[in-house]
Amino acid sequence: MEAASEVNHQNRAMETESSSNKGDEDTANPAIATNDGQKRIDYKWWIRVFIYIFLMLVGQTAATILGSLYYDKGGNSTWMATLVQSAGFPILIPIMIYFSRSKTAPRLSSTGPSFHYLALLYIAIGLLVASDNMMYSYGLLYLPVSTYSLLCATQLAFNAVFSYLLNAQKFTILIFNSVIILTISAVLLAVNSDSDGGNTNVSKGKYAIGFLCTLGASAGYSLYLSVNQIAFEKVIKSKSFITILNLQFYPNFVATIGCVVGLFASGQWRGLTAEMRNYEEGTASYVLTLVWIALTWMIATTGILGLIFEVSSLFSNVISTLGLPLIPVFAVVFLHNTMNGVKVISLVLALWGFFSYIYQNYLDDVKGKRAKAILNNAPEAVVVEIC
């Protein structure tokens, strides 16, 4: 009897401990906490996420339109257009100082990568950023901004491919459907070059270059996100906010140095004075346009960093793709680009591919939550040792 009573007492103690641990895990979730069996939304977390979404959409839209405006008003230096996309990184310095001095800032484990390994990682990502920005610059130079932005929608399809190859993402029917639909959307834009407004003096050869460079830039951006995920999970093995800032600051520093070298090596620096003087809106407007391009890209980067920190890099790319249909609308208003029937069909197909991808992520999230709920509700195994 005493032995049976002791076993029952131990069972009740283990159930109490399991319930306590389960409650701790639920409370640690930044999005949802439990209170008497009811789910309570963490409104502060949602507010932060919506702020980061707003920063990304505003920054991305403004930076793309300003980049097109730079070319339309007389700018022709692809190296300068590439440079300003990464040259705004010093804005991150005060934020990095604040978080590095914070007493609650997480520290890297002693088993983390060495300084030389991190330096090699930052250089490799920085060169990827520089080449990606250069391809984006050629895309804006040779394509109307509406066509350019819709081609950028293919980054979500590229993200699916790289996530499958590099991050072991499951390739489902819905993701495959997204890849096919977005590819068809891009092909429609390619065969519709004759009816585009905007850059009417661009030859078919240069249009093809811009088309291929924009596709390459979309693939490069998706590769950049997948490489970052690998860096977080397998190299740095830390996902603190200061770590994310470092992974953004130092690669952009490397990319800026690479663009400065390219600017002088190509000889384009010799024409910057004449370009500034002949800019249609004046010298002051020329400088302000470049400054605002740098600032708006950093605003977009802040949104990207915030969404990676609060949610994931995949969600960051999803929101970036969601903002692409906004660009042609504003381009029609501010840059007087045309929006013909074929381009509207391409836009609808891009949205179709996007929502197909979003729905797949929704199904994965529901499946994951159900599996976790089943695991949490499973009875604890009790081992009784018989002497």
Side-chain angles (χ1 to χ4, degrees), residues 59-88 127 129-152 189-190 193-194 196-218 220-221 252 255-298 300 327-328 330-332 334-338:
Q60 177 179 274
T61 302
T64 303
I65 291 178
L66 287 172
S68 180
L69 183 67
Y70 165 76
Y71 288 127
D72 291 344
K73 299 300 181 181
N76 54 23
S77 174
T78 52
W79 279 110
M80 176 57 71
T82 304
L83 173 63
V84 294
Q85 293 183 52
S86 59
L127 294 177
V129 170
S131 60
D132 193 52
N133 290 344
M134 172 57 76
M135 287 188 289
Y136 274 129
S137 297
Y138 272 106
L140 273 177
L141 175 62
Y142 294 141
L143 297 178
V145 68
S146 53
T147 303
Y148 164 86
S149 60
L150 290 174
L151 279 174
C152 288
L189 292 175
S193 60
D194 291 336
D196 271 328
N199 298 359
T200 55
N201 295 326
V202 174
S203 64
K204 289 186 177 181
K206 290 183 177 180
Y207 186 96
I209 293 175
F211 181 85
L212 294 176
C213 283
T214 305
L215 284 180
S218 298
Y221 178 72
N252 273 282
T256 301
I257 293 177
C259 291
V260 170
V261 172
L263 180 65
F264 283 91
S266 65
Q268 290 188 11
W269 66 274
R270 297 187 182 92
L272 292 181
T273 302
E275 179 180 289
M276 183 187 306
R277 185 168 51 247
N278 297 328
Y279 197 69
E280 292 182 14
E281 302 297 325
T283 301
S285 179
Y286 176 85
V287 174
L288 287 175
T289 299
L290 294 179
V291 169
W292 276 108
I293 291 175
L295 290 177
T296 49
W297 273 123
M298 283 302 105
I327 299 176
F330 286 97
V332 170
F334 295 104
L335 301 181
H336 307 293
N337 282 174
T338 59

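What you see is a predicted model; the values in this text were computed from it and never measured.
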Trainee: List the steps, then state whether side chain to side chain donor-acceptor pair (under 3.5 Å) holds for Thr78 with Ser137.
Mentor: CA-CA 6 Å; Thr78 52; Ser137 297; over 6 Å; no
Trainee: Restricting to non-hydrogen atoms, name the atom on Gly139 and the atom on Thr214 that form the minimum distance, rounded to 0.1 Å.
Mentor: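 That would be CA-OG1, 3.2 Å.
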Trainee: For the side chain of Glu275 and the backbone of Ser77, is there at least one donor-acceptor N/O pair under 3.5 Å apart?
Mentor: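 Checking the backbone N and O of Ser77 against the side chain of Glu275, a donor-acceptor pair under 3.5 Å is found.
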Trainee: In Å and rounded to the nearest 0.5 Å, what is the CD1 to CG distance from Ile257 to Asn252?
Mentor: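 So the gap between those two atoms works out to 11.5 Å.
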Trainee: For residues Tyr136 and Leu140, determine if any side-chain heavy atom of one lies less than 4.5 Å from a side-chain heavy atom of the other.
Mentor: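 No, too far: nothing below the 4.5 Å cut-off.
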Trainee: Could you pull out the closest heavy-atom pair between Val129 and Ala255, with the gap in Å?
Mentor: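 Nearest heavy atoms, Val129 then Ala255: CG1-CB, 3.9 Å.
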Trainee: What pair of heavy atoms forms the shortest contact from Ala81 to Tyr71, and how long is it?
Mentor: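 In terms of heavy atoms, the two residues are closest at CB-OH, 3.3 Å.
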Trainee: If the test is side-chain contact (heavy atoms from CB on, under 4.5 Å), which one of Lys73, Arg277, Met276, Glu280 qualifies with Tyr286?
Mentor: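 Of the listed options, the one satisfying the test is Met276.
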Trainee: So which atom in Ser285 and which in Tyr279 form the shortest heavy-atom distance, rounded to 0.1 Å?
Mentor: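 Heavy-atom minimum between the residues: OG-CE2, 3.9 Å.
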Trainee: Is there side-chain contact between Leu66 and Trp297, with at least one heavy-atom pair below 4.5 Å?
Mentor: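 The answer is no, as the side chains (C-beta and beyond) never meet within the 4.5 Å cut-off.
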Trainee: List the atom of Ala62, the atom of Thr296, and the distance in Å for their closest heavy-atom pair.
Mentor: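 Answer, listing the atom of Ala62 first, then Thr296: CB-CG2, 3.8 Å.
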Trainee: Measuring from atom OG1 of Thr82 to atom CD of Gln268, what distance do you get when rounded to the nearest 0.5 angstrom?
Mentor: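 The distance works out to 8.5 Å.
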Trainee: Are side-chain heavy atoms of Val84 and Tyr70 found at a separation under 4.5 Å?
Mentor: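 A side-chain contact is absent here, since even the closest heavy-atom pair is not under 4.5 Å.
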Trainee: Rounded at 0.5 Å granularity, tell me how far CG in Leu151 sits from SG in Cys213.
Mentor: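 Going from CG on Leu151 over to SG on Cys213, the span is 11.5 Å.
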Trainee: Run the side-chain contact (heavy atoms from CB on, under 4.5 Å) check on Asn133 and Ser86 step by step: do they pass?
Mentor: CA-CA 8 Å; Asn133 290 344; Ser86 59; 4.1 Å; yes
Trainee: To the nearest 0.5 Å, tell me how far Ile293 CD1 sits from Leu288 CG.
Mentor: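 If I round to the nearest 0.5 Å, the distance is 11.0 Å.
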Trainee: Can you find a pair of side-chain heavy atoms, one from Trp269 and one from Met80, that are under 4.5 Å apart?
Mentor: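 No, every pair of side-chain atoms sits at 4.5 Å or beyond.
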Trainee: For the pair Tyr142 and Tyr138, name the ring-plane relationship: parallel under 30°, tilted 30 to 60°, perpendicular over 60°.
Mentor: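 The arrangement is tilted - the two ring planes meet at 30° to 60°.
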Trainee: Measuring from Leu263:CG to Arg270:CZ, what's the distance to the nearest 0.5 Å?
Mentor: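 Answer for the CG-CZ pair, Leu263 versus Arg270, is 10.5 Å.
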